[in-house]
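In what follows, chains are A, B, ... by sequence order, proteins preceding strands, each numbered from 1. All values below were derived from every heavy atom in this structure, side-chain atoms included, with hydrogens, water molecules and symmetry-related copies excluded.
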There are 2 protein chains.
Amino acid sequence: MKNHVSPPSLSATIADAIRSDIVDGRLLVGDRLPSETELADQHGVSRATVREALKRLAAQSLIRTERGAFGGAFVNHLSYEEARAQQVTTSTLLLGMNAIGFQVACEARYALERSCTSLAAERRTDALLDAMRKEIEIQSAPGLTDEAFCASDVAFHRALVDCAGNEVLSYHLAGSVEAMQPLMNMITFTARSRAEIIDLHRSIVADLEKRDAVSVDRALAKLEAYTITLGQSVLKARATR
Amino acid sequence: MKNHVSPPSLSATIADAIRSDIVDGRLLVGDRLPSETELADQHGVSRATVREALKRLAAQSLIRTERGAFGGAFVNHLSYEEARAQQVTTSTLLLGMNAIGFQVACEARYALERSCTSLAAERRTDALLDAMRKEIEIQSAPGLTDEAFCASDVAFHRALVDCAGNEVLSYHLAGSVEAMQPLMNMITFTARSRAEIIDLHRSIVADLEKRDAVSVDRALAKLEAYTITLGQSVLKARATR
DNA sequence: GATTTTTCATTTGTCAGACATTTAATTGTC
DNA sequence: GACAATTAAATGTCTGACAAATGAAAAATC
């Protein structure tokens, strides 16, 4: 029988130790870690092992390294962009690898997105409304590929989320919206279905302008229902193929 | 002036190449990567460099490695647990490192949590309601430390989120709820404020039992307002100290 | 012939030492 | 004082080696 619980390697152990130093605040943003040689001495391992540990942390954007004299590994300031990129990667993989039902993923995504409607109606800016209108223009263009349509759809919804004027909210929602893109890309959008979606997008923008949160919410509910319908028809077509 | 845009290292480049192989589906879950020696030959680098690249991917749970003959690096099946753990780490760091206003973080957290009230009211199970009651018991215990109170609070809200019966939703919300814990830990809960919170928890459970989504939502709104009040008083006390 | 034991090849984990490259501070020169 | 050369410290990479784990095949045993 396979054990499958292999003892953590030295590099993993060291990485965990440094990680908790950072997470628990013993190392602060901008602090410099000891040099690789010093870390190797401290932990009684070779420099190669320390380097593997540091690469693990770098992969999580916990540290950044600089070369040269007075270079080294520094506790990284995690920007919204980096955090979002990581979250999107993780969420996308989770959806892709776990055979999540399209309906379940869709339900979650729209539930989350609807959580920002009242704030968005309250705080929407003209700049963001314009951005949304621009995306609607793109979506209306004839000859647009399905993938480009999806990409613009994501951009539209990201702008909608940004209307809530809360960076933390935008960060969380970016993960759920963008992670859906691969699933959405499986759908073929007919001219008919595109028109339907664009109509809903138009009404969302209009309702936001009027600061009518209830109507925005209703439109999103319709969009969810319609998207699930589209997804199911695709799955049905697959099954009978 | 510092350049700050250092060219990506070889190990980072190789990691990116393999990562896109996985993300774009050229490597599937369970597939075995070539051995480190083979990868080194393929990319024309040393084994040490390949290993650093693989450790980066392992840190993101994209691959897992097994020792021994017929061992190697395998494309990992990303479980909900692993994904959630990563998301919580990222979110916690983001909140901790970016001097997010307590109010902004709180607003985002409750907006997201309220997105699951209608599903939760519809699908709540007796088992989860019992779990929530159990946490209320814990929270009512005299002599409980603030940290233990917070931990139980997180457990309560996780159960609430799980009531929605949507794994994807639970995954996303876990990040926003758990990442708040360090911020919540800064708050000192008086007996008075604990009683207030526990009352709201009780009414949430009662409303869920009655499948009364509107009342749950109202209680969460109150909880949000009260939490923000508590947070602000802490900040004020800090400022005048 | 079936079962157990041993051997063996493969692969990751770790180490030691070396050299290349980058970078900021120092020193030297005019 | 300004500019150029030197130097020291640090990461990035390579090489070669050995240890440890592990499954498969071969050998020994019954």
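- Residues forming a side chain to side chain contact (heavy atoms under 4.5 Å, CB included) with Tyr80(B) (at least two apart in sequence, or on another chain): Leu94(A), Ile100(A), Glu167(B), Val168(B), Tyr171(B).
- The interatomic distance linking Arg32(A) (CZ) with dT23(C) (P) rounds to 15 Å, in whole Å.
- Between Phe189(A) and Phe149(A), the ring planes lie tilted relative to each other; the angle falls in the 30° to 60° range.
- Across every non-hydrogen atom of Ala164(A) and Leu169(A), the tightest pair is CB-CD2, 4.0 Å.
- Judged by distance alone, with hydrogens and angles left aside, the side-chain atoms of Thr90(B) form a donor-acceptor pair with the main-chain N or O of Gln86(B) at under 3.5 Å.
- In this structure, Leu57(A) atom CG and dT11(D) atom P are separated by 14 Å, rounded to whole Å.
- Rounded to an integer number of Å, the gap from Leu10(A) CG to dT12(C) C1' is 13 Å.
- Note: CZ (Phe70(A)) to P (dA24(C)) measures 10 Å, nearest angstrom.
- One interatomic measurement links the two molecules: CG of Leu33(A) to P of dT11(D), which rounds to 9 Å at whole-angstrom precision.
- Two residues, Thr65(A) and Ala69(A), neighbour DNA chain D, and the one matched to the more 5' nucleotide by heavy-atom proximity is Ala69(A).
- Of the residues in residues 34-55 of chain A, Ser35(A), Glu36(A), Arg47(A), Arg51(A), Lys55(A) come within less than 4.0 Å of DNA chain D through at least one heavy atom, sorted by number.
- Using modelled atom types, no side-chain atom of Arg56(B) and backbone atom of Arg56(A) make a donor-acceptor pair closer than 3.5 Å.
- As rounded to whole Å, 16 Å separates atom P of dT10(C) from atom CZ of Phe74(B).
- Crowding of Glu147(B) atom CD: a count of heavy atoms from other residues, nucleotides or ligands under 6.0 Å not exceeding 12.
- Considering only side-chain N and O atoms, Arg67(B) lies nowhere under 4.0 angstrom from the phosphate OP1 or OP2 of dG23(D).
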